[in-house]
Amino acid sequence: MAGAKGTPRMSAEDRLEQILDVAVRLIGEKGYNGFSLQDVASEIGVSQTAVIHRILNKQNLLMLVLQRYYDHTGAANQYLAQFEPGGPREGDRPRIPEMMQVTVEQNSKQPELVRLFEMLNTESMYPGHPAHDYFVHRTQDISDGYYSTDWLVPDGVDGHLVYMLAYAAMYGLEGRWLANPEIDYPAEWQRYADYLFPSPVWDGYR
């Protein structure tokens with residue numbers, strides 16, 4: 001059944017998903033400060049009031065986008081879940097190179113989400129940005145995540161340092177890839193990985 005203006009009726013959850021999908025693209029293209037709720041409404045074909053009804057305000061929309069796409073999903077979380085009790089690899093230990101590889105493979109298939117992340121990460125360096133605290137805490141969460149996991153790391157290797165360097169290298173490569181889509185992101189990452197996790201030190205730990 002169509003709405004009053006010919007827009008198909010949607011469930012509240014489906015409408016929210018639609019709003020978030022459009023917001024991801026607009027933020028990735030224009031940045032947080034460059035788009036408006038009216039832009040979102042116009043893309044969907046509803047009133048701005050209808051958008052506000054679902055997400056309250058622009059800042060809350062930003063937090064919903066970040067939480068929906070980065071806090072509760074992701075290849076890294078799915079990878080680590082395999083080693084938990086009852087998981088298919090219970091009793092084994094996760095490997096940093098392997099986790100980074102599955103993350104790269106996932107991100108290579110979702111450039112819009114990666115663009116969103118890169119845009120917000122850059123903009124949020126300004127303390128007044130609504131995502132500033134989120135990204136500050138996210139960096140600390142990544143660091144804490146190393147110590148909360150029993151990684152399989154070669155003897156004599158500073159696993160935490162390698163872990164943080166790998167994330168920094170991945171983010172830097174993503175920026176290059178977004179600017180030049182002709183770059184083969186997974187293949188280029190493999191070149192990075194060969195230096196971050198060199199043989200023979202990391203043989204058996206990949």
Side-chain angles (χ1 to χ4, degrees), residues 17 20-21 24-25 27-28 64-122 131 134-206:
E17 288 290 342
L20 294 178
D21 287 344
V24 165
R25 181 172 57 77
I27 295 172
L64 286 171
V65 166
L66 290 172
Q67 292 166 5
R68 183 66 62 93
Y69 291 102
Y70 290 103
D71 291 346
H72 303 300
T73 62
N77 290 337
Q78 294 169 17
Y79 171 76
L80 293 175
Q82 299 177 78
F83 301 89
E84 295 177 354
R89 298 176 70 176
E90 180 182 2
D92 195 1
R93 296 164 65 189
R95 296 154 172 79
I96 297 172
E98 195 173 45
M99 190 194 74
M100 298 304 299
Q101 183 64 43
V102 298
T103 302
V104 167
E105 289 173 358
Q106 173 187 263
N107 288 350
S108 69
K109 299 172 184 176
Q110 51 185 29
E112 283 196 350
L113 287 179
V114 177
R115 185 174 293 107
L116 166 77
F117 179 88
E118 292 277 351
M119 179 72 77
L120 289 177
N121 193 27
T122 300
Y134 175 91
F135 279 96
V136 169
H137 294 152
R138 182 178 177 80
T139 300
Q140 186 60 51
D141 288 344
I142 289 173
S143 178
D144 292 344
Y146 175 82
Y147 293 110
S148 65
T149 302
D150 184 21
W151 299 99
L152 185 66
V153 177
D155 291 339
V157 171
D158 186 337
H160 179 260
L161 178 60
V162 173
Y163 184 78
M164 298 304 289
L165 284 172
Y167 264 104
M170 184 178 68
Y171 292 154
L173 177 55
E174 285 175 351
R176 288 180 53 212
W177 168 58
L178 292 172
N180 180 11
E182 293 185 5
I183 292 175
D184 186 332
Y185 179 19
E188 189 71 358
W189 170 255
Q190 189 56 58
R191 294 180 61 229
Y192 282 34
D194 289 343
Y195 280 90
L196 288 164
F197 315 110
S199 181
V201 176
W202 282 84
D203 290 352
Y205 297 85
R206 301 175 186 274

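Side-chain atoms are counted along with the backbone in the values below, which use heavy atoms only and exclude waters and symmetry mates.
For Arg191, the CZ atom counts as loosely surrounded, since its 6.0 Å shell holds 12 or fewer non-hydrogen atoms of other residues, nucleotides or ligands.
Heavy-atom minimum distance, Pro111 versus Leu178: O-CD2, 3.8 Å. Annotation for Ile96 and Gly159: closest pair CD1-O, 3.9 Å, computed over non-hydrogen atoms. Nearest heavy-atom pair, Met164 versus Thr139, reported as atom, atom and distance to 0.1 Å: CE-O, 4.3 Å. For the residue pair Ser143 and Tyr147, the shortest heavy atom distance occurs at O-CD1, 3.5 Å. Listed here is the closest heavy atom pair of Val162 and Phe197: CG1-CE2, 3.3 Å. Nearest approach of Leu152 to Gly204, heavy atoms of both residues: CD2-O, 3.9 Å.
Under the side-chain contact (heavy atoms from CB on, under 4.5 Å) rule, Val157 has a single partner from Leu161, Val153, Asp155, which is Val153.
To the nearest 0.5 Å, the span separating NE2 on His137 from CD1 on Ile142 amounts to 13.5 Å. Note that CD of Glu188 is 4.5 Å distant from CZ of Arg176, once rounded to the nearest 0.5 Å. Note that CD of Glu17 is 10.5 Å distant from CG of Leu64, once rounded to the nearest 0.5 Å. Remark: Arg206 CZ to Ser199 OG distance equals 6.0 Å, nearest 0.5 Å. Glu84 contributes atom CD, which lies 10.0 Å from atom CD of Glu90 (distance to the nearest 0.5 angstrom). Taken to the nearest 0.5 Å, the CE atom of Met119 stands 9.5 Å off from the CD1 atom of Ile27.
Look at Arg115 and Glu118 and you find no salt bridge, because none of the NZ, NE, NH1 or NH2 atoms lies under 4.0 Å from a carboxylate O.
Remark: Tyr163 pairs with Tyr146, Trp151, Tyr167 by the ring-ring contact (aromatic ring centres under 6.0 Å, His included) rule, at least two apart or across chains.
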Quiz prompt | Derivation of the side chain to side chain contact (heavy atoms under 4.5 Å, CB included) call for Met170 and Tyr185 | solution = CA-CA 10 Å; Met170 184 178 68; Tyr185 179 19; 3.4 Å; yes
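By the 4.5 Å heavy-atom criterion applied to side chains, Trp189 and Leu196 are counted as neighbours. Side-chain contact check for Arg95 versus Trp202: every heavy-atom pair is 4.5 Å or farther apart.
Ring-centre distance between Phe135 and Phe117: below the 6.0 Å cut-off.
The backbone N or O of Pro97 lies less than 3.5 Å from no partner atom in the side chain of Gln101, so there is not a single donor-acceptor pair.
Using a 30° and 60° split on the angle between ring planes, Phe83 and Tyr79 fall in the perpendicular class, above 60°.
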